[in-house]
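Report on the structure given below.
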Amino acid sequence: MKEYIAGLIQSAVDTLKASGELPLEVSPKITIDNTRDKSHGDFASNVALTLAKPAGKPPRQIAERLCSIILEQAIADKKGVEKAEIAGPGFINFFVSSASSFAVVPEILTSGEAYGRSNAGKAQKVQVEFVSANPTGPLHVGHGRGAAYGATVADLLSAVGFDVQREYYVNDAGRQMNILATSIWLRYLELQGETFTFPCNGYKGEYVYDIARGLGDDHGDKLRHGAATVFENIPADEPAGGDKEVHIDALIARCKALLGEENYLGVFDSGLDNIVGDIKDDLGGFGVHYQNWFSEKSLSESIDGVIDQLNKSGHLYEKEGALWFRSTEFGDDKDRVVKRDNGETTYFASDIAYHKNKFERGFTQVINIWGADHHGYIARVKAALEALELNPEQLTVKLVQFAILYRGTERVQMSTRSGSFVTLRELREEVSNDAARFFYVTRKAEQHMDFDLELAKSESKDNPVYYIQYAHARICSVLRKLAAQSSNWNRENGLAKLELLTLEHERDLASKLSKYPEVLNNAAINLEPHALTHYLKELAADFHTYYNAHKMLVEDENLRDARIALGMAVRQVVANGLKLLGVSAPEEM
RNA sequence: GCGCCCAUAGCUCAGCUGGAUAGAGCAACGCCCUUCUAAGGCGUGGGUCUCAGGUUCGAAUCCUGAUGGGCGCGCCA
């Protein structure tokens, strides 16, 4: 309908150009807005306002000329535009016929799950990388928002026709992983009966014991060394007046030396496999699935190549024994080290290689979803892309702000220290996957969010998830009720009798339903799932209002079939929307 | 100190990328109600869109500055 109206306006503008009433060189961009106020009709255009200046005429005068031409054409076309009128400073408002408003009902029932989807993305390859938490422990609630947001963005993009690859970057290389491996081994030694003080910088979570226990099951006491040997000549830990970093690094070296390469790797991998397995399982349970788990370790061979490339193109220099990337040349705050004075490459070097790798895989758009604390990282990654002669504009970084958990009005304290934190799994178990998925995406990503656990759990209309699911269940319940009366909904008859739907509530619902494809498209393109949650809440509210005011199961079969047809269309759209959000659409509550 | 993000009703948030009289839901207040199984329904009040400038036919929306809040400024990952 919007395209049709835009066409009407375009040809009216052309007519006026031909008659000399408008200058030939003007070519306004024609936008059709949804009206906010029903008295403004169904659609509105501001062309006359934008034409006023170049034409040198008052906007209302232009609107008047356009309007009369448009109206004449619209009536001849019989495409459903019944009225066009001028309002306010020079808007042209369009009124659509009742029949064409309700045409969306058969469209929805015919398209079913496909209603709202499109090929707008033209199968362009897009990558969405999200969560990518270090595999050093279970996911906590802070990761939940990134998981829900990333998964929904990816699903939205694929619903509008992009070829989406969901990827998790597994940081399976580097010092943190060595700290984990060493922590596991030390816990294993404890379980074997050794006594010593656990390093303050080690991983202290309960899960480390679990992995250590598994190590004992697999290896018995073969990996055991006496505590005295393990801690011999190790520099003091921080509580003992030393440096915790030096202490843990020495322990890592000792662990490697005592275990030997093969056994060390065994311990390391048991940690990695366990935790990545747990993360996969957790995300899978959350309805979050990936096409690719990309290993940082797999980059090891390409890092030198990338450093070499940057070096040859003159973007690197040596200082204080380290190799630096001159990222300030591309707008970063300071230059960054890519190779340390001890010869090891930095995490940043891996990340350059990783992003180069992403672009080599042919994505037209690469979307990274990061926690807000990583914002300082954007400049250097984009700088690296530029230095590699790649296009930084093809990389979109979405920063997801933190969510603060509340239980009613009381703030839930989270602490990542000493291994005590609220895990994503605990959250899912407490409030349900549906509520967690929904709540996490109801706010735009860059907005801070208050997540109320009590509200998420409540079974009342105050809880938006419940309210929307209830709309779906209610329609199902009507069908069950009808069946109990040993009667059936006659779909064909319903669709044939839509003209019986004359109530304002019905018209509002139909018009809301017809907005769904546009909402979906905008939500996807703008990476804003919250637009969809808000839409579904409005649709559910409209439906409940209608349902409360009017009976669906009326005596008149024709009217009853028509009303149920409208209800079924609502049910379909609610189901489609919830599906994209990863939320279930139950048939009864 | 520098950088990024945010600021809209008492609270939690929308605001369709610059349009018409800034909207929902809670909470408050006032009526109605006992239902297609539905934890109710309808209505009212509530705003200097943090502040000050600027851009233009037109600004909550764009630009500059200020204020307040969140976060970041490692040869950690």
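All values below come from the heavy atoms of this structure, side chains included, with hydrogens, waters and symmetry mates left out. Numbered from 1 within each chain, the chains take letters A, B, ... in sequence-line order.
Atom CG of A/L156 is separated from atom CG of A/N522 by 11.0 Å, given to the nearest 0.5 angstrom. Atom CG of A/D351 is separated from atom OH of A/Y169 by 5.0 Å, given to the nearest 0.5 angstrom.
Electrostatic pairing of A/E518 and A/K2 counts as a salt bridge here, judged by a charged N lying under 4.0 Å from a carboxylate O. The existence of a salt bridge linking A/R336 and A/D332 is confirmed by a sub-4.0 Å separation between a basic side-chain nitrogen and an acidic carboxylate oxygen. Note on A/R340 versus A/E320: no salt bridge recorded, every NZ/NE/NH1/NH2 to OD/OE distance being 4.0 Å or above. With salt bridges taken as basic N to acidic carboxylate O contacts below 4.0 Å, none links A/K497 and A/E557. Note on A/R380 versus A/D333: no salt bridge recorded, every NZ/NE/NH1/NH2 to OD/OE distance being 4.0 Å or above. A/E504 and A/K38 are joined by a salt bridge, as a carboxylate oxygen and a charged side-chain nitrogen come within less than 4.0 angstrom of each other. A salt bridge is defined here as a Lys NZ or Arg NE, NH1 or NH2 lying under 4.0 Å from an Asp or Glu carboxylate O, and A/K382 with A/E393 fails to meet this definition. Looking at A/K339 and A/E344, no side-chain N of the basic residue comes within less than 4.0 Å of a carboxylate O on the acidic one, giving no salt bridge.
The interatomic distance linking A/I525 (CD1) with B/C16 (P) rounds to 16 Å, in whole Å. Taking atom NZ of A/K334 as the reference point, atom P of B/C73 lies 9 Å away to the nearest angstrom. Regarding A/R560, its CZ atom lies at a distance of 11 Å from the C1' atom of B/C36, rounded to whole Å. Distance, A/K537 NZ to B/U12 P: 14 Å, rounded to whole Å.
Taking only side-chain atoms of A/H534, from C-beta outward, the nucleotide of B/C26, B/A14, B/A77 with the closest atom is B/A14. Side-chain proximity of A/N526 to the nucleotides B/G41, B/U17, B/A77 is greatest for B/U17. If you check B/A39, B/A77, B/G15 against the side chain of A/R175, the one that comes closest is B/A77. Nearest nucleotide to the A/N522 side chain, out of B/G19, B/U37, B/C16: B/C16. Proximity note for A/E588 (side chain, C-beta onward) versus B/U37, B/A77, B/A20: the nearest is B/U37. Nearest nucleotide to the A/D450 side chain, out of B/U37, B/C13, B/A20: B/C13. Distances were taken from every side-chain heavy atom of A/F91 (C-beta onward) to each of B/G41, B/C76, B/G19; the shortest belongs to B/G19. Counting only heavy atoms from C-beta on, A/T545 has its side chain closest to B/C42 among B/A20, B/C42, B/C75. Between B/U37, B/C75, B/C13, one nucleotide has an atom nearer to the side chain of A/T346 than all others, and that is B/C75.
Taking 3.5 Å as the limit, the base of B/G72 and the side chain of A/D373 contain no donor-acceptor pair of atoms between them. For B/A20, the base has a donor-acceptor partner in the side chain of A/N93 [N/O atoms by modelled type, under 3.5 angstrom].
Base pairing annotation: B/C11 forms a Watson-Crick or G-U wobble pair with B/G25, both donor-acceptor distances under 3.5 Å. In a base pair of the Watson-Crick type (N1 to N3 plus N6-O4 or O6-N4) or a G-U wobble (N1-O2 and O6-N3), with each distance short of 3.5 Å, B/C33 is matched with no nucleotide. Figure legend. B/C2 is base-paired to B/G72; pairs are counted as Watson-Crick or G-U wobble with both atom distances under 3.5 Å. In this entry B/U64 has B/A52 as its Watson-Crick or G-U wobble partner, both defining distances falling under 3.5 Å. Of all nucleotides present, none satisfies the Watson-Crick or G-U wobble test against B/A20 with each distance under 3.5 Å. For B/A39, there is no paired base (Watson-Crick or G-U wobble, both distances below 3.5 Å).
Residue contacts for A/N134: at a heavy-atom cut-off of 4.0 Å it reaches the sugar-phosphate backbone alone, with no base atom in range. The residue A/A379 sits apart from the nucleic acid: no heavy atom pair falls under 4.0 Å. Base engagement by A/H374 is indicated by at least one non-hydrogen atom pair under 4.0 Å involving a base atom. Residue contacts for A/R480: at a heavy-atom cut-off of 4.0 Å it reaches a base atom on one of the strands shown. Counting any heavy atom pair closer than 4.0 Å across all strands shown, A/K339 reaches no nucleic acid atom. Within 4.0 Å (heavy atoms only), A/F348 reaches no atom of the nucleic acid at all.
For the pair A/R36 and B/A20, the criterion of a side-chain N or O lying under 4.0 Å from OP1 or OP2 is met. Remark: A/K53 is in phosphate contact with B/C57, judged by side-chain N or O atoms under 4.0 Å from OP1 or OP2. Considering only side-chain N and O atoms, A/R443 lies nowhere under 4.0 angstrom from the phosphate OP1 or OP2 of B/A14. OP1 or OP2 of B/U37 has at least one side-chain nitrogen or oxygen of A/S477 nearer than 4.0 Å. The shortest distance between the side-chain N/O atoms of A/K481 and the OP1/OP2 oxygens of B/U37 is below 4.0 Å. For B/A77, one of the phosphate oxygens OP1 or OP2 lies less than 4.0 angstrom from a side-chain nitrogen or oxygen of A/R340.
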Nucleotides 1-9 of chain B: protein proximity per nucleotide (B base, S sugar-phosphate only, - neither; heavy atom, under 4.0 Å): --BBSS---
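Spacing of P atoms, B/U48 relative to B/G10, comes out at 8 Å, to the nearest Å. Look at the P atom in both B/G19 and B/G58: the space between them is 15 Å, to the nearest Å. Separation of the P atoms belonging to B/U17 and B/C62 is 13 Å when rounded to the nearest angstrom. Comparing B/G43 with B/C51, their C1' atoms sit 36 Å apart, to the nearest whole Å. Rounded to the nearest Å, the gap between the P atom of B/G70 and that of B/A52 is 24 Å. Atom name P, nucleotides B/C29 and B/U67: the rounded distance is 41 Å, in whole Å. On the P atoms, B/C49 is 23 Å away from B/U44, given to the nearest whole Å. When the C1' atom is compared between B/G40 and B/A9, the two are found 25 Å apart, to the nearest whole Å.
If you check residues 349-358 of chain A against RNA chain B, you find no residue with a heavy atom closer than 4.0 Å. Across residues 546-558 of chain A, A/Y547, A/N548, A/H550, A/K551, A/M552, A/L553 each have a non-hydrogen atom less than 4.0 Å from an atom of RNA chain B (numbered order).
Per the stacking criterion (ring centres < 5.5 Å, plane angle < 30°), A/H530 does not stack onto the base of B/A14.
Aromatic ring orientation, A/H534 versus A/H530: perpendicular (interplanar angle above 60°, classes split at 30° and 60°). By the 30° and 60° cut-offs, the orientation of the rings of A/W293 relative to A/Y168 is parallel. Ring geometry for A/F543 against A/Y547 counts as tilted: the plane angle lies between 30° and 60°, on a 0 to 90° scale.
Side-chain N/O atoms of A/H355 and A/N368 include a donor and acceptor closer than 3.5 Å.
Looking at A/M589 and A/Q469, their side chains come closer than 4.5 Å, going by heavy atoms from C-beta outward. Counting only heavy atoms from C-beta outward, the side chains of A/E454 and A/Y406 never approach each other to under 4.5 Å.
Base orientation of B/U17: syn, the glycosidic angle falling within 90° of 0.
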